[in-house]
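Single-structure report; data block below.
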Amino acid sequence: MNPTAAGPVTGPAPDRSRPVPFFTQAASFEEAWPDIRARVTEVIDDGKYSHGRQVGRWEEALAEWTGARHCVAVNSGTDALVLLLRACGLEPGDEVVVPAFSFFATASSVVLAGGRPVFADIDPVTYTLDPASAADAVTARTTMLMPVHLFCQLADMGALARVAERHGLTLVEDSAEAIGMRWNGVHAGLLGAGGVLSFFPTKTLGALGDAGAVLTDDPLIAERVAALRHHGRTARTLAHFPGISSATELNGVNSKMDDLQAAVLLGKLPRLAGAVRRRAALAAAYTERLRDVPGLLRLPTLAVREAATDAVFYVYLVEAERRDALAAFLADHGVGTETYYPVPLHLQPCFARLGYRRGRFPHAEAACERTLALPFHPDLTDADLDTVCGLVRRFFTGRAAA
Amino acid sequence: MTEAVTRGRTIPFFAPDLFEEDREVLLDLVRRTGTVAGQRFILGELTAALEEALRVTVDGAEVVACSSGTSGLTLILTAMGVGPGDEVVVPAYGCAPLGNTVANLGATPVFADIDPVTMVVDPAEVERAITPRTRAVMPAHMFSVMADMPAMREIARRHGVRLVEDSAVAQGGVLQGRPAGTWGEAGVFSFVQVKTFGTAGEGGAVVTHDAELARVVRGLRNHGQEGPRFVHQRVGINSRFDELQAAFQLHRLPGLAARLERRARIAAYYTERFAPLAERGIVPPPPGRDGRCYYVYSVLAEERDALERHLAAHGVASHVYYPLPLPHQPAFARFAPPGREWPHARAASRRQLALPVNPHLTDAEVEYVADTVCAFAAGGRAA
């Protein structure tokens with residue numbers, strides 16, 4: 001069979017000698033192990049395994065790293081969003097404008113906090129909330145605007161802040177993916193009332209299980225989140241078991257962070273700046289190898305904003321013709337990928353009752369059909385990049401190199 | 001018995017050395033989780049293995065691991081469709097999640113008073129609290145006593161309401177041959193470190209014989225994904241279980257029976273020593289093993305605060321769990337009808353005191369704790 005750009009590709013037997021997983025941090029974890037081991041030992045010596053001293057130290061270290069006045073550690077990025085929205089005063093029935101293209105928690109957090117998500121389209125280049133579409137979505141019941149910083153860069157926070165101000169909306173950030181991203185030197189999550197971080201293991205800074213945090217400069221929001229994560233108790237509970245007796249002031253939840261996860265994060269933190277630089281180099285190397293591959297419709301493109309911004313490559317995402325066939329081809333050759341995200345939020349089955357139809361948000365819908373995340377992780381080598389890029393090129397051209 | 005037992009140290013209530021013997025195992029598991037091929041961190045093979053291993057402890061019921069006992073209750077109530085306009089009858093005395101999990105779904109917790117001695121919810125009070133809006137009843141096992149589950153099942157059946165068993169504290173307890181967690185349509189376990197099957201972090205499980213309920217809970221715990229990833233059938237939550245904790249729990253499971261037995265023996269010893277103290281104002285929980293769990297050993301003391309001070313002065317830490325009934329706490333004030341009283345809950349809040357019962361206590365320490373309580377009852381107050 002003659003491989004063409006339009007048909008399935010066959011050719012020489014694939015080289016399966018070194019598969020490229022979508023994600024691994026095994027080697028970099030091993031490198032950080034002496035530091036992590038020291039922290040885990042502290043946890044065992046202390047004897048409190050959740051909401052303990054190590055979690056307190058992590059909150060302080062994270063505040064210092066991000067510049068946030070307050071960091072509140074919780075069980076996941078999703079919980080962080082729910083508690084942030086509640087702490088910012090979301091009332092039952094309030095609408096929150098969110099992008100139609102994001103991880104599910106962007107919308108579910110609004111529902112779980114008692115509100116109603118209202119969707120808006122994205123900018124097709126950066127995949128982040130389009131300010132004009134967001135402004136169109138605002139109604140009399142809208143109280144908050146929650147942009148998302150996806151994959152490698154911030155949303156257009158200048159324009160979105162103006163939309164929020166014009167309509168009197170509280171600006172909160174789904175900055176779960178955005179550690180290290182800055183706008184005019186200000187860390188993601190601190191550009192409005194507050195933001196979040198997820199430390200799910202695959203994140204730029206990952207723990208070994210679920211963990212997250214709320215970032216804010218507002219002491220009242222921080223206090224409310226801190227109470228809500230511990231069943232609504234406002235008295236001291238961190239590193240203080242007897243505090244479980246104190247009165248419940250708010251209808252809180254259990255979203256305490258594990259000290260073992262805090263230990264891993266503290267052990268990894270000294271290497272974070274280097275990891276961010278390494279990710280930038282990897283992204284540049286991907287782009288260098290892929291820029292002239294036919295069939296790739298878009299490579300990550302950093303937008304020029306009105307302020308200086310720091311991008312951080314968490315995910316390397318391309319848009320491709322025949323995306324699913326490309327993913328299957330790569331999988332057959334031992335290369336892992338992810339489809340972020342196959343279904344836009346407004347068309348999720350659980351939101352059918354909100355009444356959105358296909359075609360309403362064309363950029364979000366197009367992104368769901370075309371985007372594919374390539375292997376991107378701290379252990380990725382130049383040889384891995386060559387493997388992945390060679391296969392992508394072969395899929396579209398039938399040849400391994402230009 | 002003398003104070004030499006404590007060698008100047010306080011016998012802790014929240015023991016800091018729970019996993020001292022597991023130190024090297026835990027370090028190894030953290031390293032292995034970080035470096036393992038496959039890099040699976042949540043809801044993987046180890047979580048599935050733990051769920052399977054626990055099934056045999058609950059008569060083959062399904063076990064769905066989740067992020068905490070509290071979120072387990074939320075998962076069950078959500079799966080049952082509890083929401084705005086619904087009422088759920090809960091004990092007036094107990095831990096905050098009893099009220100919070102209901103309130104956070106937009107439903108109304110209706111508080112029922114407790115039995116004055118066992119401190120579990122009084123079936124007659126539960127029945128009295130049922131209205132046409134009642135969607136479920138949610139009794140809780142308390143300290144070392146399981147709620148009257150046969151009566152709760154009968155009430156739920158008679159009124160056609162759902163039965164949720166807050167068995168967060170009762171893993172290992174058995175009532176009339178039936179394990180805690182399996183009396184309700186669904187129950188929960190909490191694995192927070194101080195519980196009978198505590199782990200080195202947060203965790204919990206939903207237990208149910210209802211296969212459909214288990215299926216829905218499995219989806220809800222991971223963002224409502226019931227089939228393909230990134231497709232969400234329901235607005236689920238993030239209440240997943242870490243592989244690291246699953247590995248540690250699988251390591252600890254073989255020792256659970258012995259730890260439960262040690263707790264039961266310490267409790268039996270205390271109760272034997274304290275039974276004669278009733279007329280002196282210290283009432284131990286009932287003797288016996290049926291319907292009992294030994295998460296926390298609580299006495300009721302007329303002069304509770306003085307007893308607590310006496311114990312502290314003699315090197316024994318104790319703990320007052322719930323100084324206020326739930327409806328008297330600010331978060332639940334709006335669910336407390338004006339003028340309504342829960343006298344037994346109020347009395348328990350004033351009298352309850354928990355003594356150390358963790359399985360690491362030595363016999364000498366246990367005897368010392370009992371001696372110190374008895375000395376207080378005999379009039380030997382702390383200076």
Side-chain angles (χ1 to χ4, degrees), chain A residues 21 23-27 29-30 33 36-37 40-41 43-44 46-50 75-79 92 103-105 108 111-112 114 200-201 208-210 231-233 241-242 244-245 247-254 256-261 263-264 339-343 348-351, chain B residues 13-20 23 26-27 30-31 33-37 39 41-42 67-71 74 95-97 99-100 103-104 106 192-194 199-202 223-224 228 230-238 240 242-245 319-324 326 329-332:
Chain A
F23 175 80
T24 177
Q25 48 92 68
F29 184 92
E30 187 61 25
W33 175 244
I36 294 169
R37 188 184 200 285
V40 172
T41 300
V43 174
I44 300 172
D46 176 67
K48 193 170 189 311
Y49 289 85
S50 67
N75 181 57
S76 69
T78 302
D79 280 4
F103 179 61
F104 181 64
S108 65
V111 177
L112 295 170
F200 189 73
L208 287 186
D210 277 311
H231 304 287
R233 295 174 181 135
F241 253 125
I244 60 175
S245 292
T248 308
E249 304 282 341
L250 303 168
N251 293 128
V253 299
N254 178 356
K256 307 194 281 279
M257 186 192 275
D258 287 353
D259 285 75
L260 290 177
Q261 303 300 350
V264 171
T339 300
Y340 294 132
Y341 298 93
V343 180
Q348 289 288 347
C350 61
F351 294 132
Chain B
F13 184 79
F14 298 105
D17 62 344
L18 287 175
F19 306 127
E20 192 52 49
R23 178 180 285 265
L26 188 52
L27 280 163
V30 173
R31 187 178 191 175
T33 305
T35 56
V36 71
Q39 295 280 286
F41 302 99
I42 54 148
S67 68
S68 69
T70 300
S71 73
T74 297
C95 199
N100 279 337
N104 284 333
V192 74
Q193 68 184 86
V194 292
T199 190
E202 295 284 328
H223 297 289
F230 303 130
V231 179
H232 304 269
Q233 303 297 332
R234 298 165 201 257
V235 179
I237 62 178
N238 180 341
R240 309 182 293 205
D242 291 340
E243 288 287 274
L244 171 61
Q245 298 297 342
H319 187 70
V320 176
Y321 267 85
Y322 311 115
L324 282 175
L326 289 170
Q329 298 183 33
F332 307 111

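A quick note: this is a predicted structure, and the numbers were derived from the prediction, not measured. Naming convention: chains lettered A, B, ... in sequence-line order (proteins, then strands); numbering from 1 in each chain.
With no hydrogens or angles considered, a side-chain donor-acceptor pair links A:T248 and B:Q329 at under 3.5 Å.
Formation of a donor-acceptor pair under 3.5 Å by the B:Q39 side chain with backbone atoms of A:Q25 is found in this model. Between the B:T35 side chain and the A:E30 main chain, no donor and acceptor come within less than 3.5 Å of each other. Between the side chain of B:N104 and the main chain of A:G252, a donor-acceptor pair closer than 3.5 Å is present.
Both the backbone and the side chain of B:N238 come within contact range of chain A, with heavy atoms under 4.5 Å apart. Looking at B:E243, there are no atoms closer than 4.5 Å to chain A (heavy atoms on both sides), in backbone or side chain. Contacts of B:R234 with chain A are made by backbone atoms alone, with heavy-atom separations under 4.5 Å and no side-chain atom involved. Looking at A:T339, only its backbone comes within 4.5 Å of chain B, counting heavy atoms on both sides. B:L244 touches chain A through its side chain: at least one heavy atom from C-beta onward sits under 4.5 Å away, while N, CA, C and O do not. Contact annotation for A:Y340: only side-chain heavy atoms (C-beta onward) come within less than 4.5 Å of a heavy atom of chain B. At a 4.5 Å heavy-atom cutoff, the contact between B:A200 and chain A is made by backbone and side-chain atoms alike.
Proximity of A:I244 to B:Y321: side-chain heavy atoms (C-beta onward) are separated by under 4.5 Å at one or more points.
Ring pair B:H232/A:F104 is parallel by interplanar angle, where below 30° counts as parallel and above 60° as perpendicular. Taking the six-membered ring where tryptophan is involved, the planes of A:F241 and B:F14 are essentially parallel, since the angle between them stays under 30° and well short of 60°.
Highest contact tally toward chain B, considering only A:A247, A:S108, A:P201, is held by A:P201 [criterion: heavy-atom pairs under 4.5 Å]. Of the listed residues A:S245, A:G47, A:G209, A:S50, the one with more heavy-atom pairs under 4.5 angstrom with chain B than any other is A:S245.
Taking every heavy atom of both residues into account, B:N100 and A:H231 meet most closely at ND2-O, 3.0 Å.
Listed by chain and residue number, A:N254, B:T70, B:S71, B:E202 satisfy the side-chain contact (heavy atoms from CB on, under 4.5 Å) test with B:S68 (two or more places apart in sequence, or in another chain).
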